[in-house]
2 protein chains.
Amino acid sequence: MRKLQDTIDRIEKVDSSWDKKTQKKLDNLTKPKGSLGILEELAKQVVRITENETPQLNNKVIFTMAGDHGVAKEGVSAFPQEVTTQMVYNFLAGGAGINVLAKHVGAKVVVADLGVACDLKEQANLIIKKVNYGTKNMSRTAAMTREEAIKSLENGIEIFEEKHCSDKSRSSCIDIAGMGDMGIANTTASSAISVVITGADITSMTGRGTGIDDSKLKLKKEIIKRAIDANKPFADDAIDVLAKVGGFEIGGLAGMILAACSRRVPVVVDGFISSAAALIAYKLEPKTKDYMISAHASVERGHKTVLDYLGLKPLLDFNLRLGEGTGAVLAMGIVDAAVKILTEMSTFNSAGVSKENVKA
Amino acid sequence: MRKLQDTIDRIEKVDSSWDKKTQKKLDNLTKPKGSLGILEELAKQVVRITENETPQLNNKVIFTMAGDHGVAKEGVSAFPQEVTTQMVYNFLAGGAGINVLAKHVGAKVVVADLGVACDLKEQANLIIKKVNYGTKNMSRTAAMTREEAIKSLENGIEIFEEKHCSDKSRSSCIDIAGMGDMGIANTTASSAISVVITGADITSMTGRGTGIDDSKLKLKKEIIKRAIDANKPFADDAIDVLAKVGGFEIGGLAGMILAACSRRVPVVVDGFISSAAALIAYKLEPKTKDYMISAHASVERGHKTVLDYLGLKPLLDFNLRLGEGTGAVLAMGIVDAAVKILTEMSTFNSAGVSKENVKA
């Protein structure tokens, strides 16, 4: 709990007074004022977060965290539980969607086991910070103990901290972090978290996940109702929500957000599961919101409501619903482009271009 | 006219029977079916266009074409006309928005003068295919002669052809082409073209361009009305529309689309001006539509109507209104990512991942 509280205490409020200076710089670049729209907003946000007028996003890292869910045995997913493990190996072998897209944008993928249901083979590029062998079936009992919930958050913090500025070189410091998830049945946990925290109804917050049919969707909603009724999570206590209806990878991702914010590193939030983790982080410390960039509008039902609650607008809208951080890495590429606009474009003066006729 | 007709005649209908095979391949990759949404659609489109099951988009080229507009002297832009020339030099020096973003996604920028109002200094990376020294003031007379309109289209074709497969190596062949524009007052021409071709009213099709105020916007609409009334362009004759209310860079871009389609190269359409060029290309040969990818939803009023007319959905929505091809290069990066999903991801079999439980 000490690590968690220390990390939260280190998170500073973002200072919006940086914006004026950044906008002035943007307005001196060879383009009509404001004509790069959201790219300009992103550049301002990165300056605000990093408190660096000329940020560089060279070291992009996507944290893909995995965990299993006891509730999977209720048949709420289209895939069997062993797929969590199989996909972790796929990430490590470099063959998954996240690997392809991360390579495309020049991001590193950090794969971590927060609670997969079996012992994974140790290997150099896998971080094992297992809290337990999958959560318990939340439709019958709490998914995890309060201690385990805290442990998952602190493990997420540790994973970020161990990768951030891992040696004394500037280049080992993470410039922008992305979030990704893997865990069969984790949309069920994410829906439950989102229902409890946002207050939205179960139907509006429950989608088809990996692609379940109508009868499974009906069952999934019943299971979520049963989980909430049985556990009565307390919305204002994020650790209670995480413990009762969450998941280890969701806790890990929430912890990673807290750690990134405490180090003034922008965090790109992937889709529905990552946004549920963002809800946990936000409830623990609302200042985290200003460090978050929503990558994309997921197909998963309820995602928009979660983003509205957080006050975030998604950058991309590609009908994605894969998770793993696939939307987040694509968005990281766009954020990088936005920052380069700020740092690499010529000014009207340096390029000898006439400015617009400005009226008083 | 011969070159134009030959190019149009070479454009083949895209064969959608490729989609089934591509979707089957996508469905064997380690992800839930359809979970990469629009990325999967883009991958299918590129296969359809290129008729290559394993396309690679290594050679990305953005064609940024410049031209001046006689109508600028009516005061329809926030910037003075000399900015067209100044910005061309800025492109050549590598300091403009398009240069920064093209470098970010690994695209080359080809800068071409289709009709800037002065003689530009010759230099290695500038293509001079000037039709004339700016168009005439379309609010009083036709912007150009019919011969000039054809010449601008054919110059655009030549520009593409000279860059495409410029030597015998495969790597010199353009894998994906993007469109960008530069020309003070060219939103005025683009609005006029779009009004005539789509049949929409002037108010709904006229925006603030580089950022004009209310009184200039009112004037701009009056000028567009005057141009259409004076010239009476015939909507079903795209060359007539281009001649009467168009621009040389718009004709060049329309020609470049035709050339790219004739060589089965996907074309990424930038914002409002590029979309007006796409309207011209589409009216000359409707088959071109299937080769087009709309990069983004521009802030410029009327863009959505133009895209609806073309049946295109914009990929990004970043409130951009810079032109130059800035939205197009960002979109090219996404299309590249989509194609890599198809060609670089592991299959369920190769990765040893279980498939979903499929019902009959």
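Chain identifiers are assigned alphabetically (A, B, ...) following the order of the sequence lines, protein sequences preceding nucleic acid strands; residue numbering begins at 1 within each chain. Heavy-atom basis, side chains included; hydrogens, waters and symmetry copies ignored.
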Applying a strict 4.5 Å limit to non-hydrogen atoms, the region of A/Glu82 in contact with chain B is side chain
Would the distance check show the side chain of B/His104 and the main-chain N or O of A/Gly333 forming a donor-acceptor pair, the cut-off being under 3.5 Å?
yes
Between A/Phe348 and chain B, which part of the residue has a heavy atom less than 4.5 Å away: side chain, backbone, both or neither?
side chain
If you count the non-hydrogen atoms of other residues, nucleotides and ligands that lie under 6.0 Å from CD in B/Gln56, is the total more than 12?
no
Check each atom of A/Leu315 against the heavy atoms of chain B and say whether the ones under 4.5 Å are side chain, backbone, both or neither.
both
Tell me, yes or no, whether the heavy-atom count around B/Lys25 atom NZ, taken from other residues, nucleotides or ligands under 6.0 Å, exceeds 12.
yes
From B/Leu330 CG over to A/Leu39 CG, what is the distance, rounded to the nearest 0.5 angstrom?
6.0 Å
From B/Leu101 atom CG to A/Lys340 atom NZ, the distance as rounded to the nearest 0.5 Å:
9.0 Å
For the residue pair A/Thr210 and B/Ser35, establish whether any side-chain heavy-atom pair is separated by less than 4.5 Å.
no
For B/Met87 against A/Thr30, the heavy-atom pair lying closest together
CE-O, 3.8 Å
Check the pair A/Glu344 / B/Lys103 against side-chain contact (heavy atoms from CB on, under 4.5 Å), numbers first and verdict last.
CA-CA 10 Å; A/Glu344 297 182 11; B/Lys103 188 176 158 207; 4.1 Å; yes
Contacting moiety of A/Val299, where chain B heavy atoms sit under 4.5 Å
neither
Quick check: closest heavy atoms across B/Pro32 and A/Leu322, and the distance to 0.1 Å?
CD-CD1, 3.5 Å
Please determine, among A/Ala93, A/Gly106, A/Gly34, the option with the most heavy-atom pairs under 4.5 Å with chain B.
A/Gly34
For chain A, which of B/Gly95, B/Ala96, B/Gly37 has the most heavy-atom pairs under 4.5 Å?
B/Gly95
Given the options B/Thr85, B/Val100, B/Asn319, which has more heavy-atom pairs under 4.5 Å with chain A than any of the others?
B/Val100
Heaviest contributor of heavy-atom pairs below 4.5 Å to chain B, chosen from A/Ala337, A/Gly327, A/Ala351, is A/Ala337
Checking A/Gln86 against B/Ser354: is there a side-chain donor and acceptor pair closer than 3.5 Å?
yes
Could you grab the distance from atom CG of A/Asp317 to atom CG of B/Leu316, nearest 0.5 Å is fine?
10.5 Å
Pairwise distance CG(B/Leu36) to CZ(A/Arg321) - rounded to 0.5 angstrom:
9.0 Å
Measuring only between side-chain heavy atoms, which start at C-beta, is A/Ile334 closer than 4.5 Å to B/Phe318?
yes
Engaged part of B/Asp336 at the chain A interface, taking heavy atoms whose separation is under 4.5 Å:
both
Choice from A/Leu42, A/Val105, A/Leu320, A/Thr343 maximising heavy atom contacts with chain B below 4.5 Å
A/Leu320
